Amino acid sequence: MVLTQQEEAVLSRINRNRIPGHVAMIMDGNGRWARERGLPRSAGHRQGVETVREVVRFSNYLGIKALTLFAFSTENWRRPAQEINFLMSLPEQYLQSELPELIKNNVKVRLMGDEKRLPGQVRRAIAKGMEATGENSGMILNFALNYGARMEIVRAVQAMLTDLKQGKIKAEVSEKSFAAYLYTAGLPDPDLLIRTGGEYRISNFLLWQLAYSELWFTPLYWPDFGKIHLLEAIKDFQQRERRFGKIPKV
Ligand code: FPP
């Protein structure tokens, strides 16, 4: 991995043994990035895919174990059809060019979200990516597509009720048994959430899983987010004290 002097400098101040295991990202600001350049919104999304490429490669290089990217929310269907169609072409575009490298780098592709409403083009591309990387044991690259956290929770409750009716489970619920019904089953909760685009909210992303995550916000638009910013976020993360409700260590 070729790094600039500035990136090397920040990297040298990071403890490589304390890299956050699971990083989640809300990739916001593509539209504004494009507008500021007098370009159509699609140009912002296209540039956003370039950032995805770089962030995935670099996350893997740093030893992040799972990377969850919010690529399309259940609310994004409210956008004009033209923009939706463009956004729906991106997973295929990305995977077409990156799949060989993802396979080589031992990255495992995974999907979270309601697949049923996704166009066949997206489902096929993701299925192909999951199939081709299914045996990989390295970083999990988790695409949140047609994802909404409230929907995820309601769906988990429905699935539990179905299993209860069919006698597969008892009428008992624990945090652990409930979490197994979420899309993130088997994944650790995110240690760090990064949101670009200058908004300070969670926007129906991983409401259950973010309970104890460190949150890192930046006004940068997603297409402007780069290695140096991921390093800064990790550096900040390492300076925070995660207490999980306990009292500080003295
Ligand atoms: C929010 O920015 C971004 C999205 C709704 C889409 C994010 C998608 C990508 C970054 C590309 C995904 C890549 C792959 C490979 C699936 P916005 O359009 O709301 O920006 P704005 O708030 O400035 O209008």
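Counting starts at 1 for both ligands and their atoms, following the listed order. All of these numbers come straight from a predicted model, not from anything done at the bench. FYI, side chains are in, hydrogens and waters are out, and symmetry mates aren't considered; it's all heavy atoms of this structure.
Ligand 1 has no nitrogen or oxygen under 3.5 angstrom from a nitrogen or oxygen of W33. Of the N or O atoms in Y94, none lie within a sub-3.5 Å distance of an N or O in ligand 1. In terms of polar-atom proximity, G31 is counted as a contact of ligand 1, with an N or O under 3.5 Å from an N or O of the ligand.
By heavy-atom distance, the residue among N76, I126, V55, V122 lying nearest atom 5 (C) of ligand 1 is N76. Residue M27 holds the heavy atom nearest to atom 1 (C) of ligand 1 of all those in Q93, M27, Q47. Nearest to atom 14 (C) of ligand 1 by heavy atom, out of F72, F143, F70, is F143.
The aromatic rings of Y212 and F244 sit tilted relative to each other, their planes meeting at an angle between 30° and 60°.
In this structure, D114 contributes its side chain and N146 its backbone to no donor-acceptor pair below 3.5 Å.
Every atom of ligand 1 is numbered from 1 in the order shown, and the set under 4.0 Å from a heavy atom of W222 is 10 (C). Close contacts between ligand 1 and A71 involve ligand atoms 6 (C), 7 (C), 8 (C), 16 (C) [criterion: under 4.0 Å to a heavy atom]. Set against the non-hydrogen atoms of H45, the atoms of ligand 1 under 4.0 Å away are 18 (O).
In this view, N136 satisfies the side chain to side chain donor-acceptor pair (under 3.5 Å) rule with no residue, not counting sequence neighbours. Annotation: ring-ring contact (aromatic ring centres under 6.0 Å, His included) contacts of W33 (sequence neighbours excluded): none.
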| said: Run L62 and L230 through side-chain contact (heavy atoms from CB on, under 4.5 Å) and show every step you take. | reply: CA-CA 10 Å; L62 290 174; L230 180 53; 4.2 Å; yes
| field | Stepwise side-chain contact (heavy atoms from CB on, under 4.5 Å) check, K128 with L95 | value | CA-CA 9 Å; K128 188 176 157 200; L95 286 170; over 6 Å; no
